[in-house]
A.B. asks: 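Dropping a structure here in structure tokens format, bear with me for questions.
All values reported here derive from a predicted model rather than from experimental measurement. The basis for the numbers below is simple: all heavy atoms, side chains too, and nothing from hydrogens, waters or symmetry mates.
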Amino acid sequence: MSNSNWKPFVFGGLASVTAECGTFPIDLAKTRLQVQGQVGDSKYREIRSVLAPAMLRQASYGTIKIGTYQTFKRLLVERPEDETLLTNVACGVLSGVISSSIANPTDVLKIRMQAQGNVIQGSMMGNFINIYQEEGTRGLWKGVSLTAQRAAIVVGVELPVYDITKKHLILSGHMGDTVYTHFLSSFVCGLAGALASNPVDVVRTRMMNQRGGALYQGTLDCLLQTWHSEGFMALYKGFFPNWLRLGPWNIIFFLTYEQLKKFDV
């Protein structure tokens with residue numbers, strides 16, 4: 001693998017972990033808000049911080065996501081100047097599905113430990129083993145189809161929006177390839193991602209948070225139950241924490257990623 005091929009994977013993983021560390025408290029609040037009202041979660045207690053599963057998730061998901069996205073773009077378009085919105089969206093959707101499917105067990109672990117707090121005891125590895133022993137391989141890939149759908153939406157919106165916004169800001173002549181351009185582009189893509197992804201994020205979180213007997217028959221059943229019992233706006237539960245997370249997360253991520261790209265390694 002050449003220098004230019006491995007850089008997006010390594011830099012994408014490093015920038016993802018950095019962004020996760022900076023926004024972890026907001027992500028924890030978002031997860032708690034999204035499972036409010038779910039049957040079986042009335043005995044909530046204070047949730048301790050579980051940063052390790054979140055970092056593990058980003059180290060795997062973020063690495064694969066950015067690496068495959070950049071790789072697919074270069075396979076389809078040789079020069080960044082020739083990229084189009086359609087090309088970037090296609091690459092984003094595909095990379096989102098692949099990366100989220102592979103990293104799904106780390107996502108299940110992260111959500112379980114965040115949402116159920118001290119209902120789940122022990123270390124990260126101990127909880128990972130417990131999920132496998134109690135629910136098998138299917139438990140580790142619970143909600144994988146919905147996770148892939150969410151990732152397709154988020155990555156298919158955020159990364160292309162960032163790239164296109166950055167491209168047009170630079171081509172306008174008003175802003176160069178500077179930290180200010182990176183900041184503005186990442187802010188726009190974070191808002192777009194939050195608006196597009198929140199409903200499926202709520203459903204995904206609730207399905208992954210199920211333990212024992214299934215509360216929902218599937219993705220559509222979960223969406224309809226949530227809508228009928230709590231109203232349409234329940235699908236936007238946790239929107240502001242979601243946006244407050246995705247906004248800073250993308251800003252930290254892209255600022256870090258753009259700086260890492262400057263290293264001559």
Side-chain angles (χ1 to χ4, degrees), residues 9 13 16-17 20-21 23-65 67-68 96-152 154-155 197 200-223 225-226 237-238 245:
F9 289 91
S16 296
V17 171
E20 191 69 22
C21 290
T23 59
F24 176 72
I26 303 173
D27 187 36
L28 191 60
K30 180 205 72 171
T31 300
R32 292 190 66 179
L33 283 170
Q34 288 178 339
V35 296
Q36 282 180 358
Q38 181 178 7
V39 179
D41 283 292
S42 58
K43 297 181 179 179
Y44 256 61
R45 291 175 286 213
E46 277 305 309
I47 297 180
R48 56 186 175 170
S49 294
V50 279
L51 182 58
M55 292 181 65
L56 175 63
R57 193 249 180 181
Q58 286 300 333
S60 54
Y61 172 65
T63 298
I64 302 169
K65 176 183 71 176
T68 53
V97 170
I98 293 173
S99 57
S100 62
S101 298
I102 295 174
N104 196 78
T106 63
D107 210 12
V108 172
L109 178 66
K110 185 193 81 165
I111 288 177
R112 292 283 183 90
M113 292 187 72
Q114 285 184 353
Q116 296 174 5
N118 53 10
V119 173
I120 293 183
Q121 302 289 342
S123 66
M124 179 177 69
M125 186 55 66
N127 285 311
F128 186 88
I129 294 173
N130 285 339
I131 294 173
Y132 177 75
Q133 290 178 337
E134 293 177 8
E135 304 174 48
T137 304
R138 294 184 63 180
L140 294 174
W141 266 272
K142 179 175 285 186
V144 64
S145 61
L146 191 57
T147 301
Q149 292 170 35
R150 178 192 181 273
V154 173
V155 183
S197 69
V200 70
D201 198 24
V202 170
V203 174
R204 178 187 69 104
T205 300
R206 291 188 172 204
M207 290 197 66
M208 283 188 173
N209 193 45
Q210 293 181 102
R211 300 188 74 197
L215 301 174
Y216 312 111
Q217 299 300 315
T219 301
L220 183 61
D221 181 54
C222 180
L223 186 146
Q225 278 197 46
T226 302
K237 274 188 175 182
R245 174 186 177 271

A.B. asks: Over all heavy atoms of both residues, which pair between V203 and C222 is shortest? Give the atoms and the distance, please.
C.D. replies: CG1-SG, 3.7 Å
A.B. asks: If I take atom CG from residue N104 and atom CG from residue L109, how far apart are they, to the nearest 0.5 angstrom?
C.D. replies: 11.0 Å
A.B. asks: Could you pull out the closest heavy-atom pair between K110 and A54, with the gap in Å?
C.D. replies: CD-CA, 3.6 Å
A.B. asks: Please lay out, stage by stage, how L56 and Y61 fare under the test side chain to side chain contact (heavy atoms under 4.5 Å, CB included).
C.D. replies: CA-CA 8 Å; L56 175 63; Y61 172 65; over 6 Å; no
A.B. asks: What is the distance from atom CD1 of I64 to atom CD1 of I102, rounded to the nearest 0.5 Å?
C.D. replies: 4.0 Å
A.B. asks: Applying side-chain contact (heavy atoms from CB on, under 4.5 Å), name anything that partners A148, two or more places apart in sequence or on another chain.
C.D. replies: V97, S100, S101
A.B. asks: Holding to side-chain contact (heavy atoms from CB on, under 4.5 Å), I want the full list of residues that pass it with L140, two or more places apart in sequence or in another chain.
C.D. replies: P105, F128, I131, Y132
A.B. asks: Which heavy atom in K237 sits nearest to a heavy atom in V202, and how many Å separate them?
C.D. replies: O-CG2, 3.6 Å
A.B. asks: Roughly how far, to the nearest 0.5 Å, is the CE atom of M55 from the OG1 atom of T106?
C.D. replies: 13.0 Å
A.B. asks: Can you tell me how far CZ of R206 sits from CD of Q225, rounded to the nearest 0.5 angstrom?
C.D. replies: 9.5 Å
A.B. asks: Atom OG1 in T137, atom NZ in K142: separation rounded to 0.5 Å?
C.D. replies: 13.0 Å
A.B. asks: Please report the shortest heavy-atom distance between A103 and S60, naming the atom on each side.
C.D. replies: CB-OG, 3.6 Å
A.B. asks: Distance from I98 atom CD1 to K65 atom NZ, nearest 0.5 Å?
C.D. replies: 13.5 Å
